[in-house]
There are 2 protein chains.
Amino acid sequence: MTYLGNKLIANVFKALGHPTRIQIVKLLRNGELCVCDILPDLDSEQSNTSQHLTVLKNQGIVESRKEGSKVIYSIKSEKIYEMIDLVEAIILNQIEETKTSLSK
Amino acid sequence: MTYLGNKLIANVFKALGHPTRIQIVKLLRNGELCVCDILPDLDSEQSNTSQHLTVLKNQGIVESRKEGSKVIYSIKSEKIYEMIDLVEAIILNQIEETKTSLSK
DNA sequence: TTAGTATATTATAAATTGCTAATATACTAA
DNA sequence: TTAGTATATTAGCAATTTATAATATACTAA
């Protein structure tokens, strides 16, 4: 694959490379939410949250629509959750490994 | 999940968030390689490549062993390739979407 | 021992990212 | 129209990441 292709791929991973953005994605696992419902569950300012949502949107991870004065965000592809599940499995493996090497 | 958990997850994604590191991971798809065999396929300096390998190693994405004067790197879990495949599928979807919206 | 090869580490400068505070925009209701 | 709510954008600074150049370490062979 070309450098350009790897850059596109890396950009998606990069967008997922922040704890707040991971949390946003997880919040959306049960369905769409307006920003007003996302905000109280996060530990960051309104403007910062808005910026994180923009990053996720720019990489096609979430999409949004307007409903009255609210903006509703949703996940564009369930594939994102498969990715998160894979990462969690990788992390669990490593924890197991660390445990094993400690008890030797 | 806690902030700490999301941070662990984000760190793995972050490690994959660079085109050179994606390329390294792809190079290792066919099996382990020494640094000397990775270097010529990359467009970056020796020391920079070594730093990227360290990032991947720190996140448990690759592992290494020494063999004589060479260091051999390999992928720790095939799950990484499932993740890359998912991202590629997401990107292809978006390209299709863009095409569709252009032809409307 | 010396020279050469393979890889890692360090310092540092440049580029990017993240956060905050302030401001702007869009909508709703009085 | 005015005030209030919901969200986005901007500017500026701090923190992090990236690349380069230089140096260090480990191994091999002469």
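Every chain is numbered from 1 and lettered A, B, ... according to where its sequence line falls, protein lines coming before strand lines.
- For the residue pair B:K76/A:N93, the side-chain donor-acceptor check at 3.5 Å is not satisfied.
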Reading 5' to 3' through nucleotides 23-30 of chain D, protein heavy-atom contacts under 4.0 Å coded B for base, S for sugar-phosphate only, - for none: ---SSS--
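- For A:E67 and A:R65, the salt-bridge test passes: some basic side-chain N is under 4.0 Å from an acidic carboxylate O.
- Residues A:I75 and A:I72 do not share a hydrophobic cluster, clusters being chains of Ile/Leu/Val/Met/Phe/Trp/Tyr side chains in contact below 4.5 Å.
- Counting heavy atoms from C-beta on, the side chains of B:L53 and B:Y73 come closer than 4.5 Å.
- Not a single side-chain hydrogen bond (donor to acceptor under 3.5 Å, both in side chains) links A:K66 to another residue, sequence neighbours left out.
- How far CG of B:L86 is from CD of A:E78: 12.0 Å, rounded to the nearest 0.5 Å.
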Can you give me the N/O atom pairs linking the protein to nucleotides 12-14 of chain D at distances under 3.5 Å, or say none if there are none?
none

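- A:V87 pairs in a side-chain contact (heavy atoms from CB on, under 4.5 Å) with only one of the listed residues (B:V12, B:N11, B:L8), which is B:V12.
- One finds no salt bridge joining B:K79 and B:E82 here, because no Lys/Arg side-chain nitrogen approaches an Asp/Glu carboxylate oxygen to under 4.0 Å.
- By the 4.0 Å N-to-carboxylate-O rule, A:K26 lies close enough to A:E88 to be salt-bridged with it.
- With rounding to whole Å, A:L42 atom CG is found 14 Å from C:dC19 atom C1'.
- Cluster membership check: B:F13 shares its hydrophobic cluster with B:I91, using side-chain heavy-atom separations under 4.5 Å among Ile, Leu, Val, Met, Phe, Trp and Tyr.
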Please list, pair by pair, any protein nitrogen or oxygen found under 3.5 Å from a nitrogen or oxygen in nucleotides 15-20 of chain D.
residue	atom	partner	partner atom	Å
D:dT17	OP1	B:K14	NZ	3.0
D:dT18	OP2	B:R21	NH1	3.4
D:dT18	O3'	B:H18	NE2	3.4
D:dA19	OP1	B:H18	NE2	3.4
D:dA19	OP2	B:N48	OD1	3.2
D:dA19	OP2	B:N48	ND2	3.1
D:dA19	OP2	B:H52	NE2	2.8
D:dA19	O5'	B:N48	ND2	3.4
D:dT20	O4	B:Q51	NE2	3.1

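- The interatomic distance linking B:D37 (CG) with C:dT5 (P) rounds to 16 Å, in whole Å.
- Remark: the A:S44 side chain and the A:T49 side chain contain an N/O donor-acceptor pair separated by less than 3.5 Å.
- Pairing analysis of DNA chain C (Watson-Crick: purine N1 to pyrimidine N3 plus N6-O4 or O6-N4; G-U wobble: N1-O2 and O6-N3; both under 3.5 Å) yields stems of 3 or more pairs at C:1-30 with D:1-30.
- The interatomic distance linking B:R65 (CZ) with C:dA6 (C1') rounds to 15 Å, in whole Å.
- A salt bridge is absent between B:D43 and A:K7; no separation between the charged side-chain nitrogens and carboxylate oxygens falls under 4.0 Å.
- For residues 24-64 of chain A, the disulfide (SG to SG under 2.5 Å) pairs, not counting sequence neighbours, are A:C34-A:C36.
- Checking the phosphate oxygens (OP1, OP2) of C:dA8, a side-chain nitrogen or oxygen of B:Y73 falls inside 4.0 Å.
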